[in-house]
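Take a look at the structure below.
Start at 1 and go down the list; that is how both ligands and their atoms are numbered. These numbers were taken from a predicted model, which means no experiment stands behind them.
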Amino acid sequence: MERFYITTPIYYVNAKPHLGHAYTTTVADSLCRFHRLMGEETYFLTGTDEHGDKIVQAAEAEGKSPKEYVDVISGLFRDLWPNMNIANNDFIRTTEPRHIKVVQDILQKVHDSGDIYFGEYGGHYCFGCERFYTEKELVDGLCPDHQTKPEYIAEKNYFFKMSKYQGWLKDHITKNPDFIRPEQYRNEVLSLLESGELEDLCISRPKSRLTWGIELPFDKDFVTYVWFDALINYLSALDYPEGDKFKKFWPAANHLVAKDILKPHAVFWPTMLKAAGIEPFQSLNVHGYWLIKNAKMSKSIGNVVEPLAMKDTYGLDAFRYFLLREMSFGQDSSFSEEALVGRLNADLANDLGNLFNRTLSMTHKYFGGEVPSPEIEDIVDAEIKKLGQNAMQSFQEHFGELRFSRGLEGLWELVRGLNKYIDASAPWTLFKEKNTGRLSTVIYVLLESMRKIAVHLWPVMPESSENMLKQLNIVFSPDKFNLPKELDVWGVLESGSTVAETSNLFPRVELPASADEAPAKEKKAKGGKAEAKAKTTAEDNGTIEFEDFQKLDLRVGTVVEVEPHPDADRLLLVRVDTGEEAPRQVVAGIAEHFSPDDLMGRQVVVVANLKPRKLRKQLSQGMILAVKSGETLHLLTPSGDVAPGSKVS
Ligand code: MSP
């Protein structure tokens with residue numbers, strides 16, 4: 001059985017968890033679940049990095065001892081993860097004895113082999129970064145990250161002979177294209193290694209300056225530099241060197257980090273492993289930053305916690321879906337509530353939610369809730385099955401290569417394809433014509449395909465995936481399902497089993513009117529759905545409030561059936577698919593301008609919340625919008641093909 005070990009950075013405890021930490025950890029969780037469903041044995045580690053100057057300063061600022069302080073903040077991280085459905089196998093802290101012991105063992109080993117030496121060093125030290133900078137690296141004499149003036153410090157310290165391994169590292173990266181990915185970061189590291197001599201790494205701090213660290217095993221007057229300490233967590237959590245976990249999961253290690261800590265992971269870490277005689281890890285996977293209104297998230301801007309609060313406003317799974325779908329792995333991405341609401345409504349409520357709602361309710365209406373046995377096959381069934389196979393394959397390939405956004409896009413080809421399959425097969429007509437043979441196949445194809453979609457979504461939205469499967473009367477367990485097998489099997493869903501009557505997992509949400517200013521925590525959540533609060537300001541000069549406009553429910557629909565009104569020449573009965581269970585009928589006075597054929601298949605805009613009424617004995621559920629220009633009537637239509645039911649706003 002293949003093995004997959006995934007790690008996140010261990011987070012500094014000088015700040016509370018925020019969106020950036022949540023993103024990396026969610027990606028790790030999704031990847032871990034994905035590999036589990038690919039049939040691999042997985043192990044998932046996260047934790048906290050608790051030593052060093054930064055932590056001492058943060059503790060002092062709160063009037064606490066370092067130990068008291070790190071216990072509190074580490075607890076915030078530890079407690080957050082279960083709330084985000086993060087299923088890590090272990091949570092490591094660098095202040096734990098199991099970690100300290102391994103750091104000291106490795107230091108001793110590298111010291112014994114002659115790769116650590118004692119020397120004097122003078123340099124520009126930035127306390128924020130906890131590292132020395134060379135003159136060349138400073139920008140106008142300031143730290144490039146903190147824009148503060150570093151302090152010149154000259155002192156005796158221990159050094160790791162990192163330069164000795166420069167050639168080996170360059171060679172290893174060149175020979176293993178997946179060692180650092182995506183490619184832009186691999187190139188960045190290669191050009192760093194090619195551009196000049198790698199310096200040796202100062203790996204100690206004199207106790208006269210810092211005591212909050214791991215003591216060097218060979219000199220009591222020094223503690224270990226925080227990076228030499230922290231990176232080793234990836235081994236100490238596996239009980240290196242004798243532990244079963246180490247034997248099982250090393251070197252199947254896949255590290256996940258953002259671009260801020262590329263160099264320690266791509267240069268310090270592999271050379272440290274090499275010097276200690278340990279095989280290099282399998283891959284380093286580097287993502288970009290989440291930006292908020294195009295600014296980097298930072299404590300001082302005060303924009304760090306708010307996005308995380310949106311998981312409570314809009315639901316955890318929608319939030320997880322958004323993070324994976326929105327960011328193109330490796331690139332920076334901008335976080336906004338508008339984008340989150342947009343994705344939720346378009347992809348989850350409209351596409352996925354509608355598919356489930358419509359199909360489940362049709363199964364109840366036409367088959368009393370029982371999964372029918374497929375009977376009469378048609379070419380369209382073979383086509384949709386093929387589309388499904390391609391979609392699942394695309395999901396699996398992209399996901400495995402960390403292209404989450406493209407993977408989900410691939411899977412959505414099937415979600416959207418199935419909605420179109422409903423429209424094209426028109427089950428309501430098959431029912432009316434009593435064509436049960438064909439109707440049962442259509443409903444079966446839909447339900448079995450929905451099962452496949454739900455299984456594929458488990459890595460991204462575990463709770464919703466399990467609920468979707470429950471609605472199909474299937475109890476999920478990761479050992480029961482295998483993604484590659486889903487490419488070949490068909491007919492797993494048992495005919496005769498009963499499915500749920502409604503789904504309603506992803507209700508549509510409205511963006512609060514003042515999304516730009518209101519902090520997320522003030523926004524009301526009701527049954528997982530955010531609601532806009534309408535102001536009741538009086539109308540003025542015939543203008544209306546934005547909230548009044550919002551009362552209109554305008555939706556795009558596709559015309560699926562048209563017939564003349566039996567009692568009125570000017571009227572047509574237009575049936576429009578607005579993403580609901582069955583098309584809605586609109587009685588429209590447009591017969592003089594359009595023949596039924598002109599209208600078939602066109603996308604129109606419908607006022608969906610107009611009170612239904614009868615026009616010449618025929619029920620009209622809405623109004624189709626049109627513009628008159630001279631004598632010609634033009635239908636209002638979107639400039640591109642959109643999913644039926646999409647809201648006009
Ligand atoms: N303690 C070190 C890591 C040691 S690992 C051996 C550290 N900690 S940190 O708390 O600063 O975490 C940095 C990591 O948090 C990033 O690499 C990334 O995983 C995550 N993020 C923090 N801010 C982020 C964004 N704005 N956007 C995306 N991820 C970010 O560095």
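A donor-acceptor contact under 3.5 angstrom links the side chains of T48 and E50, judged on distance only. For the 3.5 Å distance criterion, the side chains of Y225 and N157 fail to qualify, holding no donor opposite an acceptor. For the residue pair T25 and Y11, a side-chain donor N or O sits within less than 3.5 Å of a side-chain acceptor on the partner.
Proximity to G288 (heavy-atom distance under 4.0 Å) selects the following atoms of ligand 1: 28 (C). Against a heavy-atom cut-off of under 4.0 Å, H287 is close to the following atoms of ligand 1: 19 (O), 28 (C), 29 (N). Heavy-atom proximity to W227, at under 4.0 Å, picks out these atoms of ligand 1: 2 (C), 3 (C), 4 (C), 5 (S), 6 (C). Residue-ligand proximity, T24 to ligand 1, at heavy-atom distances under 4.0 Å covers atoms 18 (C), 19 (O), 20 (C). Which parts of ligand 1 touch H18 is read off a 4.0 Å heavy-atom cut-off, strictly below it: atoms 22 (C), 23 (N).
Comparing heavy-atom distances from atom 14 (C) of ligand 1 across F268, W269, Y11 singles out Y11 as nearest. Selection from A15, P17, P264, G20 by nearest heavy atom to atom 21 (N) of ligand 1 gives G20. Proximity annotation for atom 25 (C) of ligand 1: of F335, Y234, Y289, Y289 comes nearest, heavy atoms only. The option with the heavy atom closest to atom 17 (O) of ligand 1, from among V257, D260, D49, is D260.
For the pair A230 and ligand 1, the shortest N or O to N or O distance does not fall below 3.5 Å. Considering backbone and side-chain atoms together, H265 places no N or O closer than 3.5 Å to any N or O of ligand 1. Considering backbone and side-chain N/O atoms, A258 comes within less than 3.5 Å of an N/O atom of ligand 1.
Under the 6.0 Å distance and 45° angle rule, R131 counts as a cation-pi partner of Y133. Figure legend: R209 and Y125 shown as a cation-pi pair, the cationic atom lying under 6.0 angstrom from the six-membered ring centre and within 45 degrees of its axis.
Remark: K101 does not engage E242 in a salt bridge, criterion side-chain N to carboxylate O under 4.0 Å. Taking 4.0 Å as the cut-off between side-chain N and carboxylate O, D219 and K156 do not count as a salt-bridged pair.
Between W250 and H255, the ring planes lie tilted relative to each other; the angle falls in the 30° to 60° range.
Residue-level proximity to ligand 1 for K259 is absent, since no heavy atom of it falls below 4.0 angstrom. When heavy-atom distances to ligand 1 are checked against a 4.0 Å cut-off, Y23 has no atom that comes that close, whether in backbone or side chain.
The one candidate from K207, K220, R205 that meets the salt bridge (charged side-chain N to carboxylate O under 4.0 Å, His left out) condition with E215 is K207.
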